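One structure is given here, and the rest of the page talks about it.
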4 protein chains.
Amino acid sequence: MPEARRGRARSESARRAILEATRDELAQHGYDKLSIDRVAAAAGAGKQTVYRWYPSKSALVAECILDGYVALGNIPIPDTGNIRRDLRDWLRAFADHAGRPEAASLIRAATAAAADNDDVAARFYERVTAASEGALTARLRTAEHAGQLRTGAPATAVAQALVGAVLYRLLVHQPLTHDFVDDLADVVLSGVERAPAAAPPP
Amino acid sequence: MPEARRGRARSESARRAILEATRDELAQHGYDKLSIDRVAAAAGAGKQTVYRWYPSKSALVAECILDGYVALGNIPIPDTGNIRRDLRDWLRAFADHAGRPEAASLIRAATAAAADNDDVAARFYERVTAASEGALTARLRTAEHAGQLRTGAPATAVAQALVGAVLYRLLVHQPLTHDFVDDLADVVLSGVERAPAAAPPP
Amino acid sequence: MPEARRGRARSESARRAILEATRDELAQHGYDKLSIDRVAAAAGAGKQTVYRWYPSKSALVAECILDGYVALGNIPIPDTGNIRRDLRDWLRAFADHAGRPEAASLIRAATAAAADNDDVAARFYERVTAASEGALTARLRTAEHAGQLRTGAPATAVAQALVGAVLYRLLVHQPLTHDFVDDLADVVLSGVERAPAAAPPP
Amino acid sequence: MPEARRGRARSESARRAILEATRDELAQHGYDKLSIDRVAAAAGAGKQTVYRWYPSKSALVAECILDGYVALGNIPIPDTGNIRRDLRDWLRAFADHAGRPEAASLIRAATAAAADNDDVAARFYERVTAASEGALTARLRTAEHAGQLRTGAPATAVAQALVGAVLYRLLVHQPLTHDFVDDLADVVLSGVERAPAAAPPP
DNA sequence: AGGTAATCGAGACGGTACGTCCAGTCTTTGT
DNA sequence: ACAAAGACTGGACGTACCGTCTCGATTACCT
């Protein structure tokens, strides 16, 4: 028995409708033109219901964006044994996902929300980088064990360079082409320095 | 002939006062709590004067941040002949500059402004990356000619990886330590891959 | 059943506070220097609440003045059987009431409001003349039946001449003395013409 | 010699253009929606020129309305020897003049201006009633001497009752018909009381 | 004729108020 | 007891004018 309850049950469907309305509003108007009144109306809910679930506009946006409606961290990193190809494919998938116009709008909205609310920033970090970083770290570790990477590679720096570069491109409206992410992958794998002890010809 | 002007000349000093008040408001309240009323009052200007110069909050913030009040792109890249040391020093200076609390607030505000206004985004790109990217490209070219880099290194990807990573750290409130930027420099210079044909000692 | 209503009931106390604040503002600043912001602040209400009740400054002023705060039409006409004395006493009471400085300010404000808003003008008429005119017509009818008046006296013209003269004096800041209203009463009762068939001396 | 003056002469044509523009604005927008900016633009004058001639909106409106653009006081009272017919004809002319739509708008505007500015009220009185009152008093005096009126008729009360009633009708948008002004004339001439000592038929 | 000074149209300035919109809270009625 | 509806206070928005000030360009008088 799921727990005795009095009165009318809190409607999970209302919560979902609110999140979907928020997502649509964000995509259409952006973060700071978003209006709770409009969200509530579009969701067929009362304003109080919105505030019952989420204490503020920032919190609503955070929940909307980060809990599943912008799934940046959910793209799995393949593991075929070839770290170079796996990394390239993952970055391409990441770019393809984030580069779709609707997703780009939402991500820009999320960036704005993160920029002026510390809680949102924290959750943004958790959902976006922490996930990617964890998966990437694991994948790098595997490659390292397979002898494909030098030891002691700074996984955090790699992950944040990749994620940061992609988000930056989105923010400034530069296209997320495969060429660009291929270059990115190349840079973090090979570096730009001439191999310090390249095989000396006899 | 430079064009006959009618009516009272527009007051450059009012414009400056407005930008300075905006800078202070941004640092104190952040982007979306910024109030044009407060800015005008603090600048000793009428609201109409603010709107005469800048048609919207975004444009005001853009002008404020990008025209000299947050000089991200103005840090010169040293050239001692040692690309590794130069890059590290530049990144440390960049991080030190951007990591100061006032600067961090302004940069987050600029990010929010860029996220919800395309013009601001374009100007943000010009002022932040285009400058850094140009300088970085030039420095990499020098190093390449000096035989320190492999040929064909993708300067754009390098620049955006570095700038993107730093801005991302700021956005999610992670500290911009020297350790972190040193790791970044290390990654883009050396890559993380095991040197493909490292000279095997006999 | 009086009609099902959803949502919070509109606050009658807010409405009263707004009207009282308006009355004070009018007396202090006059009609066209009246500020809705000040009214709202003085009433402890949001501006929106003011606009919810009254769509414009004119409407607000009209309601304030005409619904009970300036009760020009509420002075009863006595009926002692002597029309001349009754009319004189009523006009004196009317003049005394309207001539008090606070009342005079409010009436001038109402005049200004009526002058630039047709709705207000209509309500002004209803509240001021229609009431007076009705009462006056009834009283004249009584006197006519008592044989004190000639038949077919134009009650509307009488009422508007009296009210018009009093308001005009107020408008141009001439004092509403008993002498003046006594003259008025005398004029409308006796006329100024020599009695056409005055008792011919033998 | 009228006073030596240096510099450019003040442009009388600008002054006229300003008054005409004011008249048009008043007729179109009424007193308190009148805008000095619009007046200046319509007159092809600078705002400063308006303020050089008239120190305030009230003064401008007063000058405009009262110095010739609303000529209520200029209608002469005929003198055919028949006071009843003369008064009726004058009132009809007065009503016809004031009842035209453009004139009615201006008079309402003048009323509003008088209602919130004491100077305007004073000048309004001078131009409207003082003139009418003077002429009317003179005409009544003539009739009195001709034996048509009883002695000691209060001319001021008569004049203000007539003017007040007409202005009141205008203010509340009731039509100024000949029937109405005929009733007015009848009331002030004959009164409404039964002739006190009507010649009793033997 | 040439300086000097006041006025002209134009329009930006510091302000005040407007009427609208929204955030977040509170209250009423319906389910 | 929760949900919708919607009024509440408070405050920012962007616009419109106010009355003043500052431009460059005209006039007119006065040396």
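Note that the structure is predicted; figures quoted are calculated from it, not measured. Each chain gets a letter, A, B and so on, in the order the sequences are listed, and its residues count up from 1.
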Taking for C:Ala43 and for B:Pro55 the nucleotide of DNA chain F with the nearest heavy atom, the one nearer the 5' end belongs to C:Ala43
Expressed as a whole number of angstroms, how long is the span from [X]:[atom1] to [N]:[atom2]?
X: B:Leu34; N: F:dG11; atom1: CG; atom2: P; answer: 17 Å
X: D:Arg38; N: F:dG19; atom1: CZ; atom2: P; answer: 14 Å
X: B:Lys33; N: E:dC22; atom1: NZ; atom2: C1'; answer: 14 Å
X: D:His29; N: E:dC18; atom1: NE2; atom2: P; answer: 19 Å
X: B:Ile18; N: E:dG15; atom1: CD1; atom2: C1'; answer: 14 Å
X: C:Ile36; N: F:dC17; atom1: CD1; atom2: C1'; answer: 17 Å
X: A:Tyr51; N: E:dT27; atom1: OH; atom2: C1'; answer: 17 Å
X: B:Asp32; N: E:dC22; atom1: CG; atom2: P; answer: 15 Å

Verdict with supporting geometry, A:Glu63 and A:Trp53, side-chain contact (heavy atoms from CB on, under 4.5 Å): CA-CA 10 Å; A:Glu63 193 73 8; A:Trp53 287 99; over 6 Å; no
Testing the basics here: between A:Ala21 and A:Val39, what is the closest heavy-atom pair and its distance to 0.1 Å? CB-O, 3.7 Å
Closest approach of A:Ala121 and B:Leu171, non-hydrogen atoms and distance? CB-O, 3.5 Å
What do the steps show when you test D:Asp118 against C:His173 for side-chain contact (heavy atoms from CB on, under 4.5 Å), and what is the final call? CA-CA 8 Å; D:Asp118 294 356; C:His173 291 90; 3.2 Å; yes
Show me the side-chain donor-acceptor pairs of residues 26-35 of chain A shorter than 3.5 Å, one per line, residues at least two apart or across chains.
unit_1, atom_1, unit_2, atom_2, d
A:Tyr31, OH, A:Ser58, OG, 3.3
A:Ser35, OG, A:Asp37, N, 3.3
A:Ser35, OG, A:Arg38, N, 3.1

Pairs: protein N or O with nucleotides 10-12 of chain E N or O, under 3.5 Å:
unit_1, atom_1, unit_2, atom_2, d
E:dA12, O4', B:Arg8, O, 3.4

OP1, OP2 of E:dC21 versus side-chain N and O of A:Ser35: anything below 4.0 Å? no
Lys/Arg-Asp/Glu bridge criterion (N-O < 4.0 Å) met for D:Glu126, D:Arg123: no
What I want to find out is whether B:Glu102 reaches B:Arg23 closely enough, with some N-O distance under 4.0 Å, to be called a salt bridge. no
What nucleic acid atoms does A:Leu60 come within less than 4.0 Å of, heavy atoms only: base, sugar-phosphate, or nothing? nothing
